[in-house]
There are 2 protein chains.
Amino acid sequence: MQFDDKVPIYYQIKNHLYHEMMTGQLVPGEKLPAVRQLAVDLTVNVNTVQRALGEMITEGIITSQRGKGNFVTTETPRITQLKEHLIMEQLERAYEQLHALNLSDDEIIASLKQYIAQRGQQDD
Amino acid sequence: MQFDDKVPIYYQIKNHLYHEMMTGQLVPGEKLPAVRQLAVDLTVNVNTVQRALGEMITEGIITSQRGKGNFVTTETPRITQLKEHLIMEQLERAYEQLHALNLSDDEIIASLKQYIAQRGQQDD
DNA sequence: CCTAGTGTTATATTTTACTAGTACACCGTA
DNA sequence: TACGGTGTACTAGTAAAATATAACACTAGG
């Protein structure tokens, strides 16, 4: 995995795992890879993984069972709620940044459309 | 000024100054506040300000004149170019994050429109 | 020439993220 | 009971960001 050195790695790991839940690569009740395995996969230290997981446990997104593993919560509403929260967070940040660059609401929408159109031409 | 402890302060200062240029609070050729004054205004150390300015000088967005001050470049194309770059950066980041949350192109545009609409109802 | 205001540079210190290594606690199974 | 797989916790060390403080270099104006 590739990290942006502008933000803490543990924070990026959280988002990485969030995304796997959102896209169904990790379903409710499923067991996460072992912390040591995650550390290897992400080429990162166990403690850094643990810090990310620790926050997610506090948030109630995953549950921890000593000796068994970490599991995605079975309380699906929490996950739905998390997804909406993450989306809102992204929209808000992007909007405020673009607004600060002196773009009007319409211009923001237009530039996003244009960006997506351009992107579609090239790849992905 | 309020900082997000997830990203380096010097980096946020750069963006702060960028925004002031984009919104016309700082026009081409204008003198920036003195580094020591900026440090006070932003409740930050002089060296941290200097680090932000140093990068901006390297980028050619501002020019430095020892004994006189720092000035916004008069090469307006540079600023225009910077603005487009910053916009692109924001769009790209937001798009990739939302895409990673399993939203289609159309859903991304729709959610942004909805966000703006909701926002318009409340305040600002 | 002197001084106030400016940018620039340097050193030492503190804080935080991250790493490395180790040990402990718990579960399931043979 | 023993062992391998698991989460958890602790200590020590490194690197980068930010701070505090000070000194240096240049400009403009009396």
Side-chain angles (χ1 to χ4, degrees), chain A residues 1-18 20-21 26-75, chain B residues 1-18 20-21 26-75:
Chain A
M1 181 174 173
Q2 187 155 331
F3 296 105
D4 175 359
D5 62 355
K6 287 290 186 306
V7 328
I9 294 177
Y10 77 91
Y11 198 77
Q12 297 181 57
I13 293 176
K14 269 179 72 175
N15 280 312
H16 173 70
L17 293 174
Y18 282 161
E20 293 205 329
M21 292 183 203
L26 280 176
V27 299
E30 184 173 352
K31 177 175 174 300
L32 273 66
V35 287
R36 289 175 183 79
Q37 187 57 49
L38 270 177
V40 172
D41 293 349
L42 304 172
T43 58
V44 138
N45 190 272
V46 178
N47 296 311
T48 308
V49 173
Q50 192 65 23
R51 174 156 186 189
L53 296 185
E55 292 198 0
M56 293 172 76
I57 291 167
T58 303
E59 293 167 5
I61 301 302
I62 64 176
T63 61
S64 168
Q65 295 185 39
R66 205 184 189 107
K68 297 171 89 174
N70 292 301
F71 301 82
V72 178
T73 180
T74 52
E75 300 176 31
Chain B
M1 181 174 170
Q2 186 155 330
F3 295 104
D4 175 359
D5 63 353
K6 288 289 185 308
V7 327
I9 293 178
Y10 79 90
Y11 198 77
Q12 297 181 57
I13 293 176
K14 271 179 72 176
N15 281 311
H16 172 70
L17 293 174
Y18 282 161
E20 293 204 331
M21 292 183 202
L26 279 175
V27 299
E30 184 174 352
K31 177 177 173 297
L32 273 67
V35 287
R36 289 174 183 77
Q37 187 58 47
L38 271 177
V40 172
D41 294 347
L42 304 173
T43 59
V44 138
N45 191 270
V46 179
N47 294 311
T48 308
V49 173
Q50 192 65 21
R51 172 153 187 190
L53 297 185
E55 292 199 358
M56 294 173 75
I57 291 167
T58 302
E59 293 167 4
I61 300 301
I62 64 176
T63 60
S64 167
Q65 295 185 40
R66 205 184 188 109
K68 299 171 94 172
N70 292 303
F71 301 82
V72 179
T73 180
T74 52
E75 300 176 31

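Throughout, a chain's letter reflects where its sequence line sits, starting with A, and its residues are numbered from 1.
With rounding to the nearest 0.5 angstrom, the CD atom of B:Q2 is 13.0 Å from the NE2 atom of B:H16. For the atom pair CD (B:E30) and CD1 (B:I62), the distance works out to 12.5 Å, reported to the nearest 0.5 Å.
Separating the CD1 atom of B:I57 from the C1' atom of C:dT6 is a distance of 13 Å, rounded to the nearest angstrom. In this structure, A:M56 atom CE and D:dG7 atom P are separated by 13 Å, rounded to whole Å. B:D5 places its CG atom 13 Å from the P atom of D:dT19, with the value rounded to the nearest Å. Nucleotide C:dA17 holds its P atom 13 Å from the CD1 atom of A:I13, rounded to whole Å. What separates CD of A:E55 from C1' of D:dT8 is a distance of 16 Å, to the nearest Å. B:Q37 places its CD atom 15 Å from the C1' atom of C:dA4, with the value rounded to the nearest Å. Atom NZ in A:K31 sits roughly 15 Å away from atom P in C:dC27 (whole-Å rounding). One can place OH of B:Y10 at 9 Å from C1' of D:dA16, the figure rounded to the nearest angstrom.
The main-chain N or O of A:D4 is found under 3.5 Å from a side-chain atom of A:Q12 such that the two form a donor-acceptor pair.
For the contact set between residues 40-51 of chain B and DNA chain D, defined by any heavy atom under 4.0 Å, the members are B:V44, B:N45, B:N47, B:T48, B:R51. Taken residue by residue, residues 66-75 of chain B places heavy atoms nearer than 4.0 Å to DNA chain D at B:R66, B:G67, B:K68.
For the pair B:N45 and B:A39, the tightest heavy-atom approach, listed with the atom from each and the gap, is C-CB, 4.1 Å. In terms of heavy atoms, B:S64 sits closest to B:N70 at CB-OD1, 3.3 Å. When all heavy atoms of A:P28 and A:T74 are compared, the closest pair comes out as CB-CA, 4.1 Å.
For the pair A:L32 and A:L53, the minimum side-chain heavy-atom distance is below 4.5 Å. In this structure the side chain of B:V44 reaches within 4.5 angstrom of the side chain of B:V49, judged on heavy atoms. Taking the side chain as every heavy atom from C-beta outward, B:I13 and B:F3 approach each other to under 4.5 Å.
Under 3.5 Å, the side chain of A:R36 and the base of D:dG5 form no donor-acceptor pair of N or O atoms.
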